[in-house]
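Chain letters run A, B, ... following the sequence lines, proteins first and then strands; every chain starts at 1.
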Number of protein chains: 2
Amino acid sequence: MSTVTEHPVRAEPTYTTLRELIVSGEYAPGRRITELELSERLAVSRTPVREALRVLAGDGLVRPEKRGVAVVALDEKAVHEAYWVRAGLEALTAELTALRQRQGELSPAALHRLRTQAERTDELTERGDLAEAVEQNRAFHRMIAELADNAIALGMLDRIWDQIVVSTRESLHGQRYGERTEQVGEEHRQLIEAIAEGEPDEAARLARAHVLTTLATNNADARQGVEGTR
Amino acid sequence: MSTVTEHPVRAEPTYTTLRELIVSGEYAPGRRITELELSERLAVSRTPVREALRVLAGDGLVRPEKRGVAVVALDEKAVHEAYWVRAGLEALTAELTALRQRQGELSPAALHRLRTQAERTDELTERGDLAEAVEQNRAFHRMIAELADNAIALGMLDRIWDQIVVSTRESLHGQRYGERTEQVGEEHRQLIEAIAEGEPDEAARLARAHVLTTLATNNADARQGVEGTR
DNA sequence: TCGGCATACTTTGTATACAGTGCATCCACG
DNA sequence: CGTGGATGCACTGTATACAAAGTATGCCGA
């Protein structure tokens with residue numbers, strides 16, 4: 001998906017293409033990137049490539065290394081940090097959205113879209129289409145953030161998501177996710193309910209717990225994975 | 001201060017200088033910037049200037065406009081959004097710091113530095129040196145974020161602070177701040193206490209309330225200011 | 001055979017030239 | 001006097017050339 005609203009810089013074709021290469025996983029984490037290589041691949045000069053790389057560095061998708069840049073590869077600690085930040089920000093957006101609902105600023109249609117999106121995510125997960133399910137799950141969470149009507153928080157969440165997606169493509173998001181299917185669906189429903197009832201504190205609490213539970217589950221996976229190979 | 005850790009891109013002299021021009025207020029919010037003007041002023045070519053501008057756009061300190069870029073000027077709604085995000089992130093970092101304290105990962109020296117910094121801020125405020133007080137206040141809050149040991153959250157808070165500083169240089173941060181002196185000091189002390197006692201929930205609650213109270217106070221100021229000119 | 005040094009190459013940083021585009025200004029015409 | 005269009009200008013976007021720096025490689029000597 002890699003949805004980014006705001007800054008027109010991010011509409012630049014070179015930036016967009018390169019970003020897609022990274023987010024899609026074609027350029028794997030840790031892969032080193034040279035400007036020349038990219039300028040040849042994208043058939044442009046080094047100038048726009050350089051700019052794209054700088055912006056992507058700001059996005060946290062590539063990081064400068066001794067020689068040029070490399071696709072970011074968050075280690076376990078960094079992934080933890082990302083999840084905690086995501087938890088904090090999603091608690092905030094859920095709270096703000098619930099607050100808007102309480103103040104009658106949310107359309108019934110919006111709530112309906114939320115429920116529909118949650119159902120779609122559920123179905124895909126049950127059907128076993130994990131790749132698409134993860135995508136739609138992200139879309140669900142992003143919907144809530146959009147409804148919070150806070151562009152800064154939304155932008156930060158987009159960045160966090162991208163970083164997590166890139167760094168956890170293969171390691172996580174698989175194994176235990178299936179087992180947690182019903183729990184995820186239930187947590188989503190509870191969250192929607194709290195928003196629909198206009199209960200900011202409860203919504204914040206649920207959103208936060210939901211993210212942290214996901215982190216804990218993935219962790220168990222990772223650990224299990226590591227130990228399993230011993 | 002404009003403290004930025006991470007990305008080496010941000011160590012580039014052109015970027016650093018331009019950033020300082022903006023954060024210091026020499027380039028006022030809304031001011032349009034042309035690449036040529038900057039390249040002449042900084043005595044470099046347009047190439048590094050362009051890159052710096054792109055990165056700054058990512059930082060949210062300049063925004064692309066019809067023709068080139070302009071220094072960001074957050075309107076009242078955007079400032080609100082920034083404060084809410086700051087509240088969410090500081091609640092998180094305060095919580096994480098308190099958690100570390102509970103787990104014995106925080107050195108007594110760190111807590112002492114925190115108390116010292118709070119006192120310094122207090123003194124400056126009482127002495128009426130508001131500019132320096134604001135600076136040291138920021139340093140205090142940043143200290144907590146550093147102790148949280150979460151680089152992503154710290155980076156985001158730095159961005160938010162910069163944006164707020166640029167956009168509220170004259171409008172806020174003055175008038176009522178004086179009246180709130182004792183309250184600010186007291187809130188800081190309570191926050192430190194919660195951290196020292198290793199009470200994550202309480203620390204998060206206090207940090208959040210502190211930021212939102214500041215927002216509310218500034219708002220009152222702004223409204224008063226507007227009404228006062230009628 | 002191994003170590004050290006010199007050289008060549010890869011790659012980034014910077015400058016400059018050129019192309020394209022939108023905006024403003026000015027003139028002509030209604 | 002007002003309005004529309006054309007022309008010139010200012011600025012951004014892109015390419016290319018050049019400089020600097022660090023790394024790898026190969027050769028020579030011990």
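- Nucleic acid contact class of B:Leu53 (heavy atoms, under 4.0 Å, all strands): none.
- Boundaries of the chain B contact region on DNA chain D are D:dA10 to D:dT14, first to last in 5' to 3' order (nucleotide atom under 4.0 Å from a heavy atom).
- Residues satisfying the side chain to side chain contact (heavy atoms under 4.5 Å, CB included) criterion with A:Pro48, sequence neighbours excluded, are A:Thr14, A:Val44, A:Ser45.
- Side-chain contact between A:Arg142 and A:Asp158 is present, with at least one heavy-atom pair separated by less than 4.5 Å.
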Check residues 104-113 of chain B and write down every donor-acceptor pair under 3.5 Å in which the side-chain atom is one partner and the other belongs to a residue at least two apart or another chain.
| from | atom 1 | to | atom 2 | distance (Å) |
| --- | --- | --- | --- | --- |
| B:Glu105 | OE1 | B:Arg100 | NE | 3.2 |
| B:Ser107 | OG | B:Ala110 | N | 3.0 |

Check nucleotides 21-23 of chain C for protein N or O atoms closer than 3.5 Å to its own N or O atoms and list the pairs.
| from | atom 1 | to | atom 2 | distance (Å) |
| --- | --- | --- | --- | --- |
| C:dT21 | O2 | B:Arg67 | NH2 | 3.2 |
| C:dG22 | O4' | B:Arg67 | NH1 | 3.4 |

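- Contacts of A:Glu81 classified as salt bridge (Lys or Arg N to Asp or Glu O under 4.0 Å), with partners at least two apart in sequence or in another chain: A:Lys77.
- Within the 4.5 Å cutoff, side-chain heavy atoms of B:Trp161 are placed close to those of B:His141.
- Counting heavy atoms from C-beta on, the side chains of A:His188 and A:His210 come closer than 4.5 Å.
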Working note: A:Arg19 + A:Glu12, criterion salt bridge (charged side-chain N to carboxylate O under 4.0 Å, His left out); need CA distance, chi angles, decisive distance, verdict. CA-CA 11 Å; A:Arg19 177 200 187 78; A:Glu12 247 181 289; over 6 Å; no
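- Taking A:Arg50 as the reference, A:Glu35, B:Glu51 meet the side chain to side chain donor-acceptor pair (under 3.5 Å) condition, with sequence neighbours excluded.
- Looking at residues two or more places apart in sequence or on another chain, you find a side chain to side chain donor-acceptor pair (under 3.5 Å) between B:Glu37 and B:Tyr27, B:Arg31.
- Legend: residues meeting salt bridge (Lys or Arg N to Asp or Glu O under 4.0 Å) with B:Arg120, ordered by chain and number and at least two apart, are absent.
- Looking only at side-chain heavy atoms (C-beta outward), A:Val85 and B:Met156 come within less than 4.5 Å of each other.
- In this structure, the CD atom of A:Glu51 is 13 Å from the P atom of C:dT14, given to the nearest Å.
- Rounded to an integer number of Å, the gap from A:Arg50 CZ to C:dT14 P is 7 Å.
- B:Val69 meets the side chain to side chain contact (heavy atoms under 4.5 Å, CB included) test with B:Ile33, B:Leu53, B:Val62; sequence neighbours excluded.
- Judged as a side chain to side chain contact (heavy atoms under 4.5 Å, CB included), and not counting sequence neighbours, the contacts of A:Pro200 are A:Glu95, A:Ala98, A:Leu99, A:Arg102.
- Taking five base pairs at each end of the helix from C:dT1-D:dA30 to C:dG30-D:dC1, the local helix axes there meet at an angle of 10°, rounded to 10°.
- A heavy atom lying under 4.0 Å from DNA chain C marks the following residues of residues 35-48 of chain A, by number: A:Glu35, A:Arg46.
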